[in-house]
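Report on the following structure.
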Amino acid sequence: MAQYLGWLLAIVFLVACLVLGFFVLATRRLAREAETRVPARGRFVTVAGNRLHYVEAGQGRPILFLHGLGGQLHHFRHTLFSRLAGDFHLIALDRPGSGYSVRAGGATGRLGEQAAIVAAFIDEIGLERPLVVGHSLGGGVALALALDHPGKVGGLALLSPVTHQESAAPPQFAALSIRSPLKRRLLAHTTAIPMAMKRAPQTLAFVFGPQAAPQDYIIAGGGILGLRPSHFEATVMDFVALEHEVARYEARLEELDLPVGVLFGTADQVIRHEDHALPLAGRIRDFELELLEGVGHMPQFALPDRVEAFIRRMAEKAFV
């Protein structure tokens with residue numbers, strides 16, 4: 001009996017290794033395809049141990065774009081650069097760990113840490129008080145940047161920004177609640193990427209809904225870059241780091257002394273405008289809010305004309 005049990009355990013172990021090997025190879029194949037189809041298109045600069053990837057276009061007063069959770073710089077380059085480059089110097093940054101940017105060792109992903117990196121990036125490439133456009137989590141980073149480094153920023157134009165601490169995240173984010181760095185790395189290189197590929201239609205419907213994701217989002221919008229282990233690890237780190245960080249900056253909103261604009265869809269399924277936009281009124285001195293009726297979490301894809309007009313209006317305020 002003991003001999004048969006030993007054989008059974010050996011077979012189970014062998015099958016487990018084969019399954020694990022299949023996922024490792026599938027992950028590597030998907031990552032290679034992503035990097036082939038959407039290669040790095042910009043420049044690299046090292047800031048505080050972080051190797052940051054960014055793209056530039058146009059001339060004039062600077063506008064710096066910070067993407068949201070799980071995103072990358074193509075969320076702006078693809079949708080807005082051709083509209084604004086004739087009048088402004090545009091810079092879109094892959095936040096640390098996302099896209100082709102590589103995080104420094106020992107990073108935490110906290111808002112204050114990311115804001116300090118962005119402030120150092122502004123100095124490194126010589127931007128003079130840019131208008132900062134932040135989407136979703138990038139909006140939270142932009143707020144932290146303006147609060148911790150007020151001299152670096154001329155104004156904020158926030159799209160669907162994270163501004164307030166929530167008691168519970170939507171169930172769609174459950175797969176990102178991984179506190180163990182070791183577990184994150186193990187999943188990133190085995191099952192996480194193939195499973196993300198399998199769930200892609202549901203994920204896109206959640207993020208873009210009620211609008212449909214653009215047909216060219218996967219390549220032109222850079223969506224395929226999410227199918228890389230490093231990107232998964234960075235997304236999870238960013239999500240876990242939000243737990244206590246948002247409330248800390250939420251409590252300081254009255255300190256903001258610069259123009260702040262918020263553009264938010266009323267049908268956002270990711271975060272609600274009732275929780276993250278309406279409570280800002282009365283707390284920020286120079287504040288304006290524009291609501292987009294029936295629009296979801298990705299207004300730069302759904303209504304680029306309105307987003308362009310919003311950014312231009314905030315630029316007039318920031319660059320007085």
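When a residue number appears, it is its place in the shown sequence, counting from 1.
Using modelled atom types, no side-chain atom of D305 and backbone atom of L303 make a donor-acceptor pair closer than 3.5 Å. A distance-only check finds no donor-acceptor pair linking the side chain of D123 to the backbone of A120 [under 3.5 Å]. Q165 contributes a side-chain N or O that, together with a main-chain N or O of L242, makes up a donor-acceptor pair within less than 3.5 Å. At distances below 3.5 Å, not a single donor-acceptor pair connects side-chain atoms of H67 with backbone N or O atoms of H135. Looking only at distances, no side-chain donor or acceptor of R43 sits under 3.5 Å from a matching main-chain atom of V55. Distance alone, capped at 3.5 Å, places no donor-acceptor pair between the D286 side chain and the L258 backbone. Panel note: side chain S98, backbone D94; no donor-acceptor pair is recorded below 3.5 Å. Side chain of R252 to main chain of L147: a donor-acceptor pair is present (N/O by atom type, distance under 3.5 Å, no hydrogens or angles).
Under 4.0 Å is where a charged nitrogen must lie from a carboxylate oxygen, and between E288 and K317 at least one such pair does. A salt bridge between D148 and R248 is absent, with no side-chain N of the basic residue lying under 4.0 Å from a carboxylate O of the acidic one. Ion pairing between a basic and an acidic side chain is recognised when a charged N comes within 4.0 Å of a carboxylate O; E308 and R312 show such pairing.
R313 CZ: more than 12 foreign heavy atoms inside a 6.0 Å radius. Atom CD of E254 has more than 12 neighbouring heavy atoms from other residues, nucleotides or ligands inside a 6.0 Å radius. In Q172, the CD atom is crowded: over 12 heavy atoms of neighbouring residues, nucleotides or ligands sit closer than 6.0 Å. Annotation for Q59: atom CD does not count as buried by contact number, only 12 or fewer foreign heavy atoms lying within 6.0 Å.
Looking at heavy atoms from C-beta onward, L256 lies out of side-chain contact with F287 at the 4.5 angstrom threshold. Between I178 and F232, some side-chain heavy-atom pair lies under the 4.5 Å cut-off. Residues V236 and K183 form no side-chain contact, since every pair of their non-hydrogen atoms from C-beta on lies 4.5 Å or further apart. Residues L289 and H273 have side chains not in contact (no heavy-atom distance under 4.5 Å, counting atoms from C-beta outward). Under the 4.5 Å side-chain criterion, counting only non-hydrogen atoms from C-beta, P299 is not in contact with F264. Side chains of P130 and I122 form a contact here, defined as non-hydrogen atoms less than 4.5 Å apart. Using a 4.5 Å cut-off on side-chain heavy atoms (C-beta onward), L64 and Y54 make no contact. For the pair L280 and V260, the minimum side-chain heavy-atom distance is 4.5 Å or more.
Heavy atoms only, all atoms of each residue included: E250 and T163 are closest at CB-O, 3.7 Å. Among all heavy-atom pairs drawn from V38 and G222, the shortest one is CG1-CA, 4.5 Å. For the pair R228 and G99, the tightest heavy-atom approach, listed with the atom from each and the gap, is NH1-O, 2.6 Å. Contact detail for R199 and A175: the closest heavy-atom pair is NH2-CB, 4.3 Å. Heavy-atom minimum distance, A157 versus F310: CB-CE2, 3.7 Å. Across A57 and A85, no two heavy atoms sit closer than the pair CB-CB, 4.2 Å.
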R51 vs Y100, side-chain contact (heavy atoms from CB on, under 4.5 Å): CA-CA, chis, key distance, verdict: CA-CA 8 Å; R51 188 169 186 256; Y100 282 101; over 6 Å; no
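Under the 4.5 Å side-chain heavy-atom criterion for Ile, Leu, Val, Met, Phe, Trp and Tyr, L127 and F81 are members of distinct hydrophobic clusters. Taken together through direct or relayed side-chain contacts under 4.5 Å among Ile, Leu, Val, Met, Phe, Trp and Tyr, L225 and L52 form part of one hydrophobic cluster. There is a path of hydrophobic side-chain contacts, each under 4.5 Å, that joins L278 to L158.
Between atom CZ of residue R306 and atom CG of residue L292 there is a gap of 5.0 Å, rounded to the nearest 0.5 Å. To the nearest 0.5 Å, atom OG of residue S160 and atom CG of residue L263 are 7.0 Å apart.
Under the 30°/60° scheme for interplanar angles, the aromatic rings of H78 and F301 are found to be tilted. Note: Y217 and H75 have tilted aromatic rings, judged against thresholds of 30 and 60 degrees for the angle between ring planes.
No side-chain N or O of D268 forms a donor-acceptor pair with one of H276 less than 3.5 Å apart. Defined by atom type and a distance below 3.5 Å, a donor-acceptor pair is missing between the side-chain atoms of H297 and Q269.
Residues F65 and H74 place their aromatic rings such that the two centres sit no closer than 6.0 Å.
Considering L90, V307, I91, V133 in turn, V133 is the only one that fulfils the side-chain contact (heavy atoms from CB on, under 4.5 Å) rule with F76.
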